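In what follows, chains are A, B, ... by sequence order, proteins preceding strands, each numbered from 1. Since we're looking at a predicted model, the values are computed, not measured. Any value given below was found using the heavy atoms of this structure, including those in side chains, with hydrogens, waters and symmetry copies removed.
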Amino acid sequence: MSEDAASETDVQTSEKLVELAKRRGYFFQSSGAYGGVGGFYTFGPQGAALKGNVEDAWRDRFAVAEGNMEIDAPTIMPEPVFEASGHLDTFDDMLVDCPECGESHRADHVVEDNTEYEDAESLPIPEVEEVIAEYELICPSCSAGLAGQAVETFNLMFATNIGPGDSDPGYMRPETAQGIFVEFPRLKEYARNQLPFGVTQIGRAYRNEISPRRSIIRTREFTQAELEYFIDPEEDDPDLESVADVDVTLYPAREQNTEGSSEIETTIGEAVEAGIIGDEWVAYFLGIAKPWYESVGVDMDRFRFRQHLSGERSHYAADCWDAEGKIDGNWIELAGFANRTDYDLSKHDEYSDDRFTIFRQYDEPKTVERATVDPDMSYLGPEFGGDAQTVVDELETLAERDRSAFDGETVEVELEGETHELPVEKTGFSVDEETIAGEHITPHVIEPSFGVDRLVYTVLHHAYREDEVAGEERTYLDLEPEVAPTFVGVFPLQSDEDLEAVADEIVADLRDAGLSVTYDDSGNIGRRYRRQDEVGTPFCVTVDYETIEEEETTVTVRERDTTDQKRLPVEDLDETLAEIRDGDLEFSDI
RNA sequence: GCGCCGGUGGUCUAGUGGUAGGACAUGAGCUUCCCAAGCUCAUAGCCCGGGUUCAAUUCCCGGCCGGCGCACCA
């Protein structure tokens, strides 16, 4: 797929952002004192606050506002869970290195592409090595022979042992989703066995990436916010009307495969109508995700939904769309919206001891006639000896298949090629009416899965601004008040006990009002404004001599983006600021 | 995992076979000071290991970490 070339300014933005993130405490590489580890990042004070606010915003929208329930499952689960989920097999790559050019190739792909083997992935390693030698397979890059090269497996899951010894292997979950699926039998009870219902989880997931890249965007430990929405595929429909008018930028598979085609601007309603989004449930969640992304500060000019190409779909997904954000001219995945159908629940149903189904009651109980047998064993036993049970099985099958066989005085039963006749009265044959209230079905799962770290990065990147104030260059983060780590900075204009005393009081008042406040009395006032600009604090309050000299106690409130200032009474400062934060009041309207 | 490039205070960076200089930031103080002001002082650095050498931050090898490309991203 062709991508826009990364523009120079964007690259610079990215570099500056990473530098700012380190310097100001948004995020930085972990364990730096020990040389650092690849793919692990620590969110500093600002970053942790921002991330927490983003998670809260997600929780409000996808758990609370949708009436879904949130859980918090362990990050380590035993091996059988991942046998069932398929991660043990499909997360396992076979790699073979070329002795000449050093290229690393998927051994299973090399085998499948050049032999009649179709599912090389399922072959044991020694056998794959044998096949490579036997067919004298060559390196796809430089054509050097690969025979004799070791095939190594690499599973992207972090392995560990549960308890002492290594008899009980476990893995760090590679997606939070499994923690939800595994607990389905209990979760459905909490949902009172009623579909549809949704379960969310915000938590860490782990993938031992071969090559972590691009700072926080591809790490080995990351945070996901996932919703597993369980539906009855035949009965449940989403409230599409509520999102029909949401404008979206879509990049369907067809456009991706067509030279010269690009994204299309449409609405959720029209896209469903036109069959562009095939799954209405996926469409619904795209419809609520878009405005949510906008609300936390993703630039909608650098945002789109892209449909997965058939080849890149997961082993479970029927149709899949990604939310993507543009960074440095490249699109990165922010979320995946997949209809996982009944894949996960069926697998866990099959592999575990529990039932991963829901009882669907019919509108009207169905009455069916059922032919059954209840053979007289005191007759069959002596008559057939050790074959008696086989005869019973045959009778049961026959009753279901062809009840007319029991119409006469006797019934014929096939036993090891021989036909036996026995009296119908000894079979206990009867046709009864049975009432069936419903059936057990395996729900389908719609999964919106959000990457939190990548979103935080995107929000920061899209918020990065440079401008000029009074002839001086300025860097600031145009963060939404809802997610900004700090909402207001409070300063005494200069070092002065009287000013500091008033400022201290204001800090206490604002914190009482539930606002996130920082206090700073160090250095020139302009420098303090710039410090707050750089971490994206929307407002600053300054206590000056007018505050303590005039009759009415007032302070200046300064807005980050415009640097405009207004003089406001201290008395209702907390209420005014809270209104602004909650979006009920505009600074410019005060 | 492979290839190329790189790693110097908190951040950015100069430089060197004889252990380092700047800028910004940070802290203390002075200047009645609303947009990175000035002055004084202070804190703080050559990624790790091995080799060559009298001497290595510098040269060589290996590792770790980062950026980019390939592969990978269920």
S.K.: Using the rule given for salt bridge (Lys or Arg N to Asp or Glu O under 4.0 Å), can you reason through A/Arg340 versus A/Glu175, listing the C-alpha separation, both sets of side-chain angles and the distance that settles it, and then say yes or no?
M.R.: CA-CA 14 Å; A/Arg340 294 176 74 135; A/Glu175 57 176 4; 3.1 Å; yes
S.K.: Map A/Gln494 and A/Thr475 onto RNA chain B by nearest heavy atom, then report which one ends up closer to the 5' terminus.
M.R.: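 Looking at the nearest nucleotide for each, A/Gln494 comes out on the 5' side.
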S.K.: What residue pairs, at least two apart or across chains, pass side chain to side chain donor-acceptor pair (under 3.5 Å) with a residue in residues 75-84 of chain A?
M.R.: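 The answer is A/Glu79-A/Tyr171.
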S.K.: Should the heavy atoms of other residues, nucleotides or ligands under 6.0 Å from CD of A/Glu586 be counted, would the total exceed 12?
M.R.: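 Not more than 12 within 6.0 Å, no.
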S.K.: Using both distances under 3.5 Å as the test, list the Watson-Crick or G-U wobble partner of B/rC30, or none.
M.R.: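 Per the H-bond distance test, B/rG38.
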S.K.: Indicate, yes or no, whether a donor-acceptor pair under 3.5 Å links the base of B/rC72 to the side chain of A/Arg218.
M.R.: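 Answer is yes: a donor-acceptor pair is held.
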S.K.: Rounding to an integer number of angstrom, what distance separates B/rU8 and B/rC12 when you compare their P atoms?
M.R.: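 My reading of the P atoms in B/rU8 and B/rC12 gives 8 Å.
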S.K.: Nearest-Å distance, CG (A/Asp520) to P (B/rG27)?
M.R.: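 From A/Asp520 CG to B/rG27 P: 8 Å.
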S.K.: Verify whether one side chain among A/Thr547 and A/Asp544 offers a donor that lies under 3.5 Å from an acceptor in the other.
M.R.: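 Note: A/Thr547 and A/Asp544 side chains meet the donor-acceptor criterion.
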S.K.: Should the side chain of A/Gln565 and the base of B/rC34 be counted as holding a donor-acceptor pair, with the cut-off at 3.5 Å?
M.R.: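 Check passes, donor-acceptor contact within cut-off.
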S.K.: So, is A/Arg527 close to the B/rA37 phosphate, meaning a side-chain N or O under 4.0 Å from OP1 or OP2?
M.R.: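 The answer is yes; a side-chain N or O of A/Arg527 sits under 4.0 Å from OP1 or OP2.
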S.K.: Can you tell me the pairing partner of B/rG66 across any strand shown, Watson-Crick or G-U wobble, with both distances under 3.5 angstrom?
M.R.: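 The answer is B/rC5, by the H-bond criterion.
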S.K.: Take the protein atom CD of A/Glu534 and the nucleotide atom C1' of B/rC24, then report the distance between them rounded to whole Å.
M.R.: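 The distance from CD of A/Glu534 to C1' of B/rC24 comes to 11 Å, rounded to the nearest Å.
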S.K.: If the C1' atom of B/rC61 is compared with that of B/rG67, how far apart are they to the nearest Å?
M.R.: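 Rounded to whole Å, the distance is 23 Å.
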S.K.: In whole angstrom, what separates A/Glu15's CD from B/rC68's P?
M.R.: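 Checked: the CD to P distance equals 9 Å.
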S.K.: Under 3.5 Å, is there any donor-acceptor pair linking the side chain of A/Asn524 to the base of B/rA37?
M.R.: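 For A/Asn524, whose side chain was compared with the base of B/rA37, there is a donor-acceptor pair (under 3.5 Å).
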S.K.: Sticking with atom P, work out how far B/rU11 lies from B/rG7, rounded to a whole angstrom.
M.R.: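 Comparing P positions in B/rU11 and B/rG7 gives a spacing of 15 Å.
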S.K.: Check this one for me: any side-chain N or O of A/Arg560 less than 4.0 Å away from OP1 or OP2 of B/rC35?
M.R.: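 False: A/Arg560 side-chain N/O out of range (4.0 Å or more) of B/rC35 OP1/OP2.
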S.K.: Determine the Euclidean distance between corresponding C1' atoms of B/rU32 and B/rG27; express it in Å to zero decimal places.
M.R.: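 Pairwise C1' distance, B/rG27 against B/rU32, rounds to 23 Å.
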S.K.: Please enumerate all protein N or O atoms sitting under 3.5 Å from an N or O of nucleotides 4-14 of chain B, with distances to 0.1 Å.
M.R.:
residue	atom	partner	partner atom	Å
B/rU11	O2'	A/Glu19	OE2	2.2

S.K.: Rounding to a whole Å, what distance do you find between A/Ile525:CD1 and B/rU31:C1'?
M.R.: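 Going from A/Ile525 (CD1) to B/rU31 (C1'), I get 16 Å.
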S.K.: In this structure, is the centre-to-centre distance between the rings of A/Phe285 and A/Phe62 below 6.0 Å?
M.R.: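 No, the ring centres sit 6.0 Å or more apart.
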S.K.: Is a donor-acceptor pair below 3.5 Å formed from side chain A/Arg530 to base B/rA36, judging by atom type as modelled?
M.R.: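 Result: at least one qualifying N/O pair found.
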S.K.: Using a 4.0 Å heavy-atom cut-off, does A/Ser495 contact any base of the nucleic acid, only the sugar-phosphate backbone, or nothing at all?
M.R.: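 Nothing, no heavy atom under 4.0 Å.
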S.K.: So, is A/Arg531 close to the B/rA25 phosphate, meaning a side-chain N or O under 4.0 Å from OP1 or OP2?
M.R.: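 Answer is no, no contact under 4.0 Å.
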S.K.: Using purine N1 to pyrimidine N3 plus N6-O4 or O6-N4 for Watson-Crick, or N1-O2 and O6-N3 for G-U wobble, both under 3.5 Å, which nucleotide pairs with B/rU57?
M.R.: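 B/rU57 is unpaired by these criteria.
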S.K.: For atom P, what is the distance between B/rU58 and B/rU52, given to the nearest Å?
M.R.: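 Those two atoms are separated by 15 Å.
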S.K.: May I ask which nucleotide in the shown strands pairs with B/rG21, Watson-Crick or G-U wobble, both distances under 3.5 Å?
M.R.: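 Checking every strand shown, B/rG21 finds its partner in B/rU13, with both distances under 3.5 Å.
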S.K.: A/Gly39 near the nucleic acid: base, sugar-phosphate alone, or nothing, with a heavy-atom cut-off under 4.0 Å?
M.R.: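 Here A/Gly39 touches the backbone only, sparing every base.
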S.K.: Taking the P atom of each, how far is B/rU31 from B/rU43, in whole Å?
M.R.: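 24 Å, rounded to whole Å.
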S.K.: Quick one: salt bridge (Lys or Arg N to Asp or Glu O under 4.0 Å) partners of A/Glu505, sequence neighbours excluded?
M.R.: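 Not a single residue meets the salt bridge (Lys or Arg N to Asp or Glu O under 4.0 Å) criterion with A/Glu505.
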S.K.: Report yes if at least one side-chain N or O of A/Gln29 is closer than 4.0 Å to OP1 or OP2 of B/rG66; otherwise report no.
M.R.: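 True: A/Gln29 side-chain N/O within range (under 4.0 Å) of B/rG66 OP1/OP2.
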S.K.: What's the separation between atom CG in A/Asp279 and atom CD1 in A/Ile446, rounded to the nearest 0.5 Å?
M.R.: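 Rounded to the nearest 0.5 Å, the CG-CD1 separation comes out at 5.0 Å.
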S.K.: Which residues, if any, of residues 540-559 of chain A bring a heavy atom under 4.0 Å of RNA chain B?
M.R.: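 Within this stretch, A/Thr542, A/Asp544, A/Thr556, A/Arg558 sit under 4.0 Å of the strand.
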S.K.: Between A/Asp533 (CG) and B/rC34 (C1'), how many Å, whole number?
M.R.: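 Computing the A/Asp533:CG to B/rC34:C1' distance gives 13 Å.
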S.K.: For the side chain of A/Glu209, counting heavy atoms from C-beta on, which of B/rC73, B/rC35, B/rC33 is nearest?
M.R.: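 Given the options B/rC73, B/rC35, B/rC33, the side chain of A/Glu209 is closest to B/rC73.
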S.K.: Does B/rC73 have a Watson-Crick or wobble partner in any strand here, with both distances under 3.5 angstrom, and which is it?
M.R.: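 No nucleotide pairs with B/rC73.
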S.K.: When the distance from CG of A/Asp498 to C1' of B/rU32 is rounded to whole Å, what number comes out?
M.R.: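 It is 12 Å, rounded to the nearest whole Å.
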S.K.: Scan every strand shown for a Watson-Crick or G-U wobble partner of B/rA44, both distances under 3.5 Å, and answer none if you come up empty.
M.R.: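 Matched B/rA44 with nothing under the 3.5 Å cut-off.
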S.K.: Donor-acceptor pairs under 3.5 angstrom involving side-chain atoms of residues 34-46 of chain A: please list them, not counting sequence neighbours.
M.R.:
residue	atom	partner	partner atom	Å
A/Thr42	OG1	A/Ser30	OG	2.8

S.K.: What is the separation between atom CG on A/Leu20 and atom P on B/rA36, rounded to the nearest whole Å?
M.R.: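 Value for this atom pair: 18 Å.
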S.K.: Sequence neighbours left out, what passes salt bridge (Lys or Arg N to Asp or Glu O under 4.0 Å) with A/Glu571? Give chain and number order.
M.R.: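 A/Glu571 satisfies salt bridge (Lys or Arg N to Asp or Glu O under 4.0 Å) with no residue once adjacent residues are dropped.
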S.K.: Who are the side-chain contact (heavy atoms from CB on, under 4.5 Å) partners of A/Glu255, not counting sequence neighbours?
M.R.: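 With neighbours one apart ignored, the set is A/Tyr251, A/Pro252, A/Ser261.
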S.K.: Not counting sequence neighbours, which residues clear side-chain contact (heavy atoms from CB on, under 4.5 Å) with A/Thr160? List them please.
M.R.: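 If we apply the side-chain contact (heavy atoms from CB on, under 4.5 Å) test to A/Thr160, skipping adjacent residues, the hits are A/Ile76.
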S.K.: If the C1' atom of B/rU13 is compared with that of B/rU57, how far apart are they to the nearest Å?
M.R.: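 Looking at atom C1' only, B/rU13 and B/rU57 are 15 Å apart.
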S.K.: Nearest-Å distance, CZ (A/Phe27) to P (B/rG66)?
M.R.: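 Between P of B/rG66 and CZ of A/Phe27: 13 Å.
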S.K.: Which residue pairs satisfy the salt bridge (Lys or Arg N to Asp or Glu O under 4.0 Å) criterion with at least one member in residues 532-543 of chain A, sequence neighbours excluded?
M.R.: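 Passing the test, one end in residues 532-543 of chain A: A/Arg23-A/Glu534, A/Arg24-A/Glu534, A/Arg474-A/Asp533, A/Asp533-A/Arg558.
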S.K.: Taking the same atom, C1', in B/rA36 and in B/rC65, what whole-Å distance lies between them?
M.R.: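 Between the two C1' atoms, the distance is 32 Å.
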S.K.: If you go through the side-chain atoms of A/Tyr34, does one of them form a donor-acceptor pair with the base of B/rC64 closer than 3.5 Å?
M.R.: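 In this structure, the two groups form no donor-acceptor pair.
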